[in-house]
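Chain naming here is simple, since letters A, B, ... match the order of the sequence lines and numbering starts at 1 in each.
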Amino acid sequence: MSQVRVRFAPSPTGYLHIGGVRTALFNWLYARQQKGIFILRIEDTDQSRSTDESIQAILEGMAWVGLDWDEGPFRQTERMELYRSHGLRLFEQGKAYWCVCTPEALEARRKEAEAKGLSPKYDGRCRALGITKPTQEAALRFKAPQEGQTVVDDLIKGRVVFDNNVLDDLVILRSNGYPTYNFSVVVDDGLMKITHVVRGDDHLTNTPRQLPMFEALGFPIPRFGHLPMILGPDRTRLSKRHGATSIMAYKEMGYLPEAMVNYLVRLGWSHGDQEVFSREELIEKFSFDHVQKSSAVFNPDKLLWMNAHYLQHSDPSRIAEALVPLLEQAGLKAEIEAVTPEWMQRLIVMVRERTKTLMEMVHWVKPYFGHAVPYEEEAAKKFLTQSTVPVLQELVATFEKFPALSKAEWEEAFKKLVEQKGLKMGQLAQPVRVALTGRTASPGLFEVMELLGRERTLLRLRKGIERASAAQA
RNA sequence: GUCCCCAUCGUCUAGCCUGGCCUAGGACGCCGGCCUUUCAAGCCGGCAACACGGGUUCGAAUCCCGUUGGGGACGCCA
């Protein structure tokens with residue numbers, strides 16, 4: 001068996017979307033598993049819609065999810081000669097012909113046919129003309145087989161049979177000399193010796209159109225695998241109106257690429273009941289046998305859960321790596337530089353079980369930098385009241401007696417004070433929480449103290465007392 | 001309209017190929033409880049599906065046919 005060669009072939013007409021990433025991912029996984037070659041090919045033959053920004057977006061998106069390629073990126077616009085020469089060869093061999101129908105005329109006939117309830121396919125009228133040297137604008141059409149059947153033995157869908165009479169003579173070279181999609185794909189997949197064409201199942205009906213071209217060009221026929229589509233909640237193809245579909249939008253919302261990959265791979269593929277897979281496991285366990293035939297609805301809730309899971313279970317240094325740029329973006333550059341990586345990781349471990357995205361984590365992590373902490377007005381108003389001043393003062397006095405902060409000792413002292421005063425835990429805990437973090441919700445108080453350290457804990461408690469003393473009685 | 005694909009809880013899915021182990025399992029979400037200094041996390045429990053109709057068979061979620069429903073394709077777009 002020769003080496004597996006697969007490709008991801010997006011067209012650069014917008015951002016890299018979720019569906020594209022999943023297609024790329026399945027190709028990549030298969031290549032890595034089979035020790036094969038993964039090729040990136042940019043299909044930019046539609047010069048009116050392709051942009052360089054889109055190419056950048058594709059590369060950026062691929063990099064973010066960690067899908068690296070072995071060959072390319074190739075751009076089809078740099079391979080024009082190849083398509084032209086192969087097209088002309090088909091003409092010379094009598095397998096293609098010049099068509100002088102204008103786009104307008106074709107459009108009109110298509111409409112007419114549709115109105116009559118007929119198939120809108122090209123009627124093949126130039127096929128018999130035998131034009132050898134067109135004197136006007138002409139497109140080259142491939143002579144598609146008109147009888148018999150074309151069978152696609154699909155890796156995912158199984159055996160699919162098409163009657164050739166549904167095929168029409170496809171334009172392979174436009175009158176402007178550019179190849180069309182269905183032709184450039186065949187030439188490239190053939191020339192690049194692609195062994196497995198794995199793409200969205202919106203291409204399934206393109207396959208019987210492409211197979212005869214592989215044959216005509218003398219290329220070996222690759223295996224095909226058509227992946228089910230990803231749908232929005234309304235069960236139509238996922239698109240912009242369903243919300244964020246750009247892969248980079250998820251980066252910006254604070255998702256981890258590994259969570260994204262894990263979620264996406266489970267959309268259409270499964271391995272028993274397992275939900276969470278490391279990248280190594282995916283490479284090992286991926287199989288087309290367990291790719292679902294039916295389309296899947298994108299479920300943001302489950303993606304969010306997956307992200308929370310990775311936030312909670314990944315190595316803290318990994319989370320820090322992803323979080324730090326976001327903190328810098330949030331204007332905390334100086335604060336980050338003032339702390340050690342170890343402390344940063346402790347902070348992450350402390351807050352992470354209450355965050356589902358890195359963006360939420362940014363919010364949760366903020367109170368622990370710097371000396372004093374700003375209060376959320378509501379929180380201060382509610383808990384830093386005159387009546388709390390005496391007990392807070394007593395707490396500070398108690399803590400001051402300890403030369404160092406010991407979480408266990410301070411907790412014990414705290415609880416003793418609560419008991420002495422006949423208070424409920426929360427009656428002291430909430431004011432202290434606000435004093436320490438500025439908020440009513442936080443990690444465990446003594447974890448917070450331990451992280452802040454003795455001096456900052458005492459400082460913030462004193463500031464809390466100041467604020468409470470200034471409050472209206 | 002024509003062709004193609006698909007069909008298990010609201011969603012992602014296991015099981016289907018190689019019928020009985022399925023009183024259909026897991027996950028997300030939802031509801032309830034436990035834990036609890038707040039917020040979470042965690043743990044325990046609950047609700048919830050084989051689209052429908054015919055066959056085949058001792059027996060069908062699993063095999064066959066049809067119906068219905070959903071999706072896709074039919075461009076000098078990709």
Exercise. P atom, B/rC16 versus B/rC4: distance in rounded Å?
Worked result: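 About 28 Å, rounded to a whole number of Å.
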
Problem set entry | Separation between the C1' atoms of B/rC39 and B/rG46, rounded to whole Å |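 Straight-line distance between the two C1' atoms is 25 Å.
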
Within the 4.0 Å heavy-atom criterion, would you say [X] contacts the bases, only the backbone, or no part of the nucleic acid?
X	value
A/Leu304	nothing
A/Thr205	base
A/Pro208	nothing
A/Ser184	nothing
A/Tyr178	nothing
A/His226	nothing
A/Arg439	nothing
A/Arg110	sugar-phosphate
A/Ser48	nothing

Problem set entry | Closest-nucleotide 5' rank along RNA chain B - winner of A/Gln274 and A/Trp364 |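 Nearest-nucleotide comparison on RNA chain B picks A/Gln274.
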
For this session: Report the residue (A/Glu137 or A/Asp163) whose heavy-atom-nearest nucleotide on RNA chain B is the more 5′ of the two.
Result: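 Nearest-nucleotide comparison on RNA chain B picks A/Asp163.
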
Problem set entry | Identified salt bridge (Lys or Arg N to Asp or Glu O under 4.0 Å) partner of A/Asp169 from the options A/Arg209, A/Lys143, A/Lys95, A/Arg127 |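 It is A/Arg127, the one option of A/Arg209, A/Lys143, A/Lys95, A/Arg127 that forms the salt bridge (Lys or Arg N to Asp or Glu O under 4.0 Å) with A/Asp169.
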
Pair partner, [N] [Watson-Crick or wobble, under 3.5 Å]:
N	result
B/rG42	B/rC34
B/rU57	none
B/rA73	B/rU2
B/rG19	none
B/rA24	none
B/rU67	B/rA51
B/rC9	none

Problem set entry | Check against salt bridge (charged side-chain N to carboxylate O under 4.0 Å, His left out), A/Arg75 and A/Asp52 | CA-CA 11 Å; A/Arg75 289 182 61 159; A/Asp52 285 346; 3.6 Å; yes

What nucleotide, of [options], holds the atom closest to the side chain of [X]?
X	options	answer
A/Glu353	B/rU37, B/rA41, B/rC74	B/rA41
A/Thr180	B/rU37, B/rC76, B/rG29	B/rC76
A/Asp301	B/rA41, B/rC28, B/rU38	B/rC28

Exercise. Quick one: do the A/Thr236 and A/Asp234 side chains pair a donor with an acceptor below 3.5 Å?
Worked result: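 A pair is found: one side chain offers a donor N or O, the other an acceptor, under 3.5 Å apart.
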
Exercise. Between the side chains of A/His196 and A/Asn27, is a donor N or O closer than 3.5 angstrom to an acceptor N or O?
Worked result: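 Side chains of A/His196 and A/Asn27: no pair found under 3.5 Å.
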
Seminar exercise, completed: Contact string for nucleotides 5-20 of chain B, one letter per nucleotide 5' to 3', B = base within protein heavy-atom range under 4.0 Å, S = sugar-phosphate only, - = neither, reads SSS---BBSSS-----

Determine whether the aromatic ring centres of residues [Y] and [X] are separated by less than 6.0 angstrom.
X	Y	result
A/Phe142	A/Phe183	no
A/Phe286	A/Phe26	yes
A/Phe91	A/Trp98	yes

For this session: Would you please test A/Tyr263 and A/Phe298 for ring pair (Phe, Tyr, Trp, His ring centres under 6.0 Å) and show each step?
Result: CA-CA 10 Å; A/Tyr263 174 71; A/Phe298 182 77; 5.5 Å; yes

Over how many whole Å does the gap from [X] atom [atom1] to [N] atom [atom2] extend?
X	N	atom1	atom2	value
A/Lys416	B/rU37	NZ	C1'	19 Å
A/Lys356	B/rG29	NZ	C1'	10 Å
A/Tyr181	B/rG75	OH	P	15 Å
A/Lys121	B/rC4	NZ	P	13 Å
A/Lys382	B/rC39	NZ	P	10 Å

Exercise. Side chain of A/Ser175, base of B/rC76: donor and acceptor closer than 3.5 Å?
Worked result: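 When only heavy-atom distances are counted, A/Ser175 does reach the base of B/rC76 through a donor-acceptor pair under 3.5 Å.
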
For this session: Report yes or no: is the cationic atom of A/Arg433 (NZ for Lys, CZ for Arg) closer than 6.0 Å to the six-membered ring centre of A/Phe383, at no more than 45° off its axis?
Result: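 No, a cation-pi geometry is absent between A/Arg433 and A/Phe383.
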
